[in-house]
Amino acid sequence: MSEKLVSAEQVAKHNNAESCWVIVNGDIWDVTDFLPEHPGGSKIILKYAGKDATEEYEPIHPPGTLEDNLPKEKYIGKIDPATVKEVAVTETKQAVAQDPNALPPLDQCLNLYDFEVVAKKVLKPTAWAYYSSGADDEVTMRENSSAYGRIWFRPRILRDVSKVDFSTTLLGQKSSLPIYITATALGRLGHPDGEKNLTIAAGKEGVIQMIPTLASCSFEEIVGARVREDQVQFFQLYVNANRSITEKLVKKAEAAGVKGLFVTVDAPQLGRREKDMRMKFDDVGSRVQNDGKESVDRSQGAARAISSFIDPSLNWKDLEWLRKVTKMPIVLKGVQAWEDAVKAAELGLAGVVLSNHGGRQLDYARSGIEVLEEVVSALKQRGLFPNPKFEIFIDGGVRRASDVLKAVAMGATAVGIGRPFLYAYSAYGHAGVEHALQLLKAEMEMNMRLIGAPTLKDVVPEMVDTRALSAHINSVPHSHGEQVYERMATAIGPAKL
Ligand SMILES: Cc1cc2c(cc1C)[n+](S(=O)(=O)[O-])c1c(=O)[nH]c(=O)nc-1n2C[C@H](O)[C@H](O)[C@H](O)COP(=O)(O)O
C-alpha cells in the first residue's frame with residue numbers, strides 16, 4: 001500500500017458523516033461509505049472521525065478487518081508522525097504502561113479472587129464493565145459462586161494420599177487438570193495480546209483453551225500462539241444467520257486441528273449487561289457527531305455491537321446440518337435443564353456444558369452446579385450415565401479447586417473458568433494465567449489429600465453433601481444509587497434530555 005504521508009491536520013478535516021477518515025495503527029482509511037454498514041452503528045466510528053481510533057478499534061476487531069472489508073482505494077496512506085501530538089494514555093493504563101511495577105508482585109496473588117482485585121485497578125472502565133458485568137440485577141452471577149457455598153464435603157480418612165493425580169481427559173484429549181479455559185469474547189479489551197495470553201498459558205500448563213468466535217485476536221493468531229505441536233484447543237461457536245460463514249469457520253477450525261466444537265445455545269441474543277450498557281452512554285458525550293438522524297440503540301452496550309450476526313432461529317434440527325459440516329465432537333454450551341441434556345445424549349452428541357454464560361444472559365437462571373445434580377439423576381434413570389461417550393461440563397463462578405472437586409464428585413468431567421483468567425492476563429499477561437493455573441494445581445493437591453482422594457476417580461458422590469443446594473438465598477436486587485446517577489448524569493449534555 002502507498003507510503004504517502006498525510007498530516008494529522010489534513011486527517012482532522014475529514015471528521016463527519018460526509019467525509020470520515022480514521023487512523024488505525026498509523027494507517028489512514030476513508031470509511032465514509034462504510035458508515036451505514038458498520039454492525040456497531042456509525043456513531044462509534046464518527047466519535048473518532050478525523051482522529052486516531054486505534055485504542056478503541058483494537059480490542060474489538062481481529063487484525064486485517066479493515067484490509068479484508070474495505071476496497072484498496074479507501075486506503076489513504078500513513079499518518080505523518082511528525083504532525084501527531086502526544087495522545088494522553090488513559091490514567092489506569094498510564095499506571096501500568098509507564099510503570100509495570102505499579103502492580104503488586106505476581107506472587108502476592110494467592111487465589112483467583114486476587115487477580116480480580118488487581119484487574120479492577122488496571123483495566124480501562126469499558127473493559128472492566130464488559131468483563132465483570134452480568135445480566136439485569138446480576139442475581140445469577142452472584143448465585144454462580146454462592147451455590148458452591150451450599151455444598152459441603154464428607155472427607156474420608158486413612159487413605160494413602162502420598163501421591164495425588166488430578167490429570168484427566170476432556171473429549172479424549174489429555175489435560176493436566178479437570179479445568180479448561182472457557183470462551184470469553186474481546187480478549188484485547190484487557191491486554192494487547194488478548195487471547196494469545198490464554199493460548200500460551202494453556203500450552204505451558206497443559207490445559208485446554210476454548211477459542212471464542214468473538215475473539216479480538218484472529219483465529220490464525222490464536223492457533224499460531226500454541227506453545228506445543230500437540231497443544232489441544234476447542235472452538236466455541238456462535239452460529240451465524242448466514243450459515244455459509246459458520247461453515248467456513250467450523251471447517252477452518254477443524255483443519256487447524258481443533259478437537260471439539262462447543263455450540264453456544266444460551267445466547268440467541270446477548271444479555272442486557274447494565275454495567276456494559278452504561279459505558280455506551282459515554283459515547284453520547286461526543287454529541288458533536290450527534291447527527292440527530294440516527295437513533296443509536298444504546299440499550300445493548302458493546303454486547304449488541306458485536307453480536308447482531310447471531311442466529312436466534314437456531315434449533316435442534318440444525319444439528320443435523322452441523323454434523324454434516326464437521327467430524328469434530330459437538331458439545332452444547334449453555335444447557336440449563338435436564339430435559340435438554342437428555343435430548344443431547346439421546347441424539348448422540350459428545351456432551352453438554354451446564355452453564356448460564358457466567359450470569360450474563362438470563363437473570364435468575366440456576367447455577368451450573370445446581371443443574372448438574374438434576375441432569376445426572378435424569379441421565380442415570382435412563383441408563384445414560386455414566387457414559388464415556390457423553391461428557392458433562394459446567395462453568396460459572398468456579399474460583400477454587402474445592403468448587404472443581406464438588407463438580408467432579410457430582411459427575412462433571414471438568415469445569416470451565418472465565419473471568420479469573422481474563423483478570424489474570426489483564427494485569428500480568430500470560431504469566432498471570434500460568435500463575436493462576438499453578439495456584440489451582442496447588443489447591444487441587446491439598447484438597448484431594450484432605451478429602452481422601454488420590455485420583456479423580458476416587459472423588460465420588462458420597463464425598464459431598466448437597467442437601468442445601470437448591471435452597472436459594474439471594475440478596476434482593478438493589479439500585480446502584482449514587483454511582484449510577486453519576487454515570488447517567490454524564491449523558492446530560494448540551495442537548496437537554
Ligand atoms: C466473562 C465473559 C464470559 C463470556 C463472554 C465474555 C465475557 C467477558 N462471552 S460474551 O461476550 O458472548 O458474553 C462469551 C462468548 O463469546 N461465547 C460464549 O459461549 N460464552 C461467553 N461467555 C461465558 C463464558 O464462556 C462462561 O460461560 C462464563 O464466563 C463462566 O463464568 P465465570 O466467568 O464466572 O467463570
Side-chain angles (χ1 to χ4, degrees), residues 140-141 143-145 147-148 168-173 175 177-185 198 202 207-214 232-239 253 258-268 270-271 310 314 316 319 322 328-345 347-362 365-376 378-379 384-398 403-404 406-408 410-421:
T140 289
M141 188 167 81
E143 166 64 8
N144 279 348
S145 297
Y148 286 96
T168 186
T169 59
L170 282 61
L171 301 183
Q173 304 300 330
S175 175
L177 276 166
I179 296 171
Y180 58 89
I181 300 177
T182 191
T184 50
L198 300 172
V207 299
I208 297 172
Q209 170 199 16
M210 189 188 296
I211 301 172
T213 299
L214 288 173
V232 173
Q233 291 168 314
F234 292 155
F235 185 66
Q236 171 272 326
L237 178 70
Y238 274 133
V239 174
V258 165
K259 298 285 185 235
L261 183 66
F262 286 66
V263 184
T264 298
V265 293
D266 62 4
L270 286 196
I310 297 174
L314 185 70
W316 288 98
L319 293 175
L322 207 48
M328 289 189 280
I330 295 176
V331 176
L332 301 184
K333 177 178 183 287
V335 170
Q336 303 171 65
W338 67 261
E339 297 86 337
D340 289 333
V342 165
K343 187 162 181 165
L347 278 175
L349 296 180
V352 290
V353 183
L354 306 179
S355 167
N356 52 48
H357 215 100
R360 296 164 68 81
Q361 288 301 105
L362 176 66
R366 295 172 301 164
S367 64
I369 189 85
E370 181 175 353
V371 176
L372 175 63
E373 189 162 55
E374 77 172 35
V375 163
V376 168
L379 289 171
L384 295 168
F385 182 91
N387 170 2
K389 290 206 170 33
F390 185 79
E391 298 188 348
I392 307 174
F393 305 99
I394 73 167
D395 73 24
V398 175
D403 301 335
V404 179
K406 291 172 185 175
V408 169
M410 292 168 65
T413 300
V415 304
I417 297 181
R419 292 180 181 88
F421 295 134

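Atoms considered below: every heavy atom in the structure, side chains included; atoms not considered: hydrogens, waters and symmetry mates. What you are looking at is a predicted structure, and each value in this text was computed from that prediction instead of being measured.
- Met141 pairs by the side-chain contact (heavy atoms from CB on, under 4.5 Å) definition with Glu138, Lys275, Arg419, not counting sequence neighbours.
- Taking Phe421 as the reference, nothing meets the ring-ring contact (aromatic ring centres under 6.0 Å, His included) condition, with sequence neighbours excluded.
- For Arg366, the salt bridge (Lys or Arg N to Asp or Glu O under 4.0 Å) test picks out Glu374, with sequence neighbours left out.
- With sequence neighbours excluded, the residues satisfying side-chain contact (heavy atoms from CB on, under 4.5 Å) with Ala253 are Phe219, Phe235, Val258, Met328.
- Phe393 is linked by a ring-ring contact (aromatic ring centres under 6.0 Å, His included) to Tyr180, Phe262, counting only residues two or more places apart in sequence or in another chain.
- Taking all atoms of both residues into account, the shortest heavy-atom contact from Ala344 to Val352 is CB-CG1, 3.7 Å.
- Note that CD1 of Ile392 and OG1 of Thr413 are 6.5 Å apart. Values are rounded to the nearest 0.5 Å.
- Side-chain atoms of Leu319 and Leu347, non-hydrogen and from C-beta on, do get closer than 4.5 Å to each other.
- Between Leu354 and Trp338, every side-chain heavy-atom pair lies at or beyond the 4.5 Å cut-off.
- For Ser367, there are no side chain to side chain donor-acceptor pair (under 3.5 Å) partners, not counting sequence neighbours.
- Taking 4.5 Å as the limit, every side-chain heavy atom of Val415 sits out of range of all side-chain heavy atoms of Asp395.
- If you take CG on Leu237 and CG on Leu261, they are separated by 5.5 Å, rounding to the nearest 0.5 Å.
- For Gln233, the side chain to side chain donor-acceptor pair (under 3.5 Å) partners two or more places apart in sequence, or in a different chain, are Gln209, Arg226.
- Not a single salt bridge (Lys or Arg N to Asp or Glu O under 4.0 Å) links Glu370 to another residue, sequence neighbours left out.
- Separation of atoms CD1 (Ile310) and CG (Leu214) is listed at 6.0 Å; rounding is to 0.5 Å.
- Side-chain atoms of Val335 and Val371, non-hydrogen and from C-beta on, never get closer than 4.5 Å to each other.
- For Lys389, the side-chain contact (heavy atoms from CB on, under 4.5 Å) partners at least two apart in sequence or on another chain are Asn387.
- Across all non-hydrogen atoms, the minimal contact from Gln236 to Pro212 is OE1-CA, 3.3 Å.
- Taking the side chain as every heavy atom from C-beta outward, Val404 and Leu177 never approach each other to under 4.5 Å.
- Nearest heavy-atom pair across Thr184 and Gly418 is CG2-CA, 4.0 Å.
- Each of Leu270, Asn356, Thr264 was compared with Gln361 under the side chain to side chain contact (heavy atoms under 4.5 Å, CB included) criterion, and only Leu270 meets it.
- Evaluation of the side chain to side chain donor-acceptor pair (under 3.5 Å) rule for Asp266 yields His357 as partners, not counting sequence neighbours.
- Checked against side chain to side chain donor-acceptor pair (under 3.5 Å), Glu391 has no partners two or more places apart in sequence or in another chain.
- Side-chain contact between Phe234 and Val331 is absent, with no heavy-atom pair separated by less than 4.5 Å.
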For the pair Lys333 and Thr182, evaluate side chain to side chain contact (heavy atoms under 4.5 Å, CB included) and give the outcome as yes or no after the intermediate values. CA-CA 10 Å; Lys333 177 178 183 287; Thr182 191; 3.6 Å; yes

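- The structure places CG of Leu332 at 8.5 Å from CG of Asp340, a figure rounded to the nearest 0.5 Å.
- Side-chain atoms of Lys406 come within 3.5 Å of backbone N or O of Tyr148 as a donor-acceptor pair.
- Scored by the side-chain contact (heavy atoms from CB on, under 4.5 Å) test, Thr168 finds Leu170, Ser175, Pro178, Leu456 as partners (sequence neighbours excluded).
- Summarising the geometry, atom CE belonging to Met410 is positioned 7.5 Å from atom CD1 belonging to Ile394; distances are rounded to the nearest 0.5 Å.
- Shortest non-hydrogen contact noted between Leu384 and Ala345 is CD1-CB, 4.2 Å.
- Rounding to the nearest 0.5 Å gives a distance of 5.0 Å between CD1 of Ile181 and CG of Leu198.
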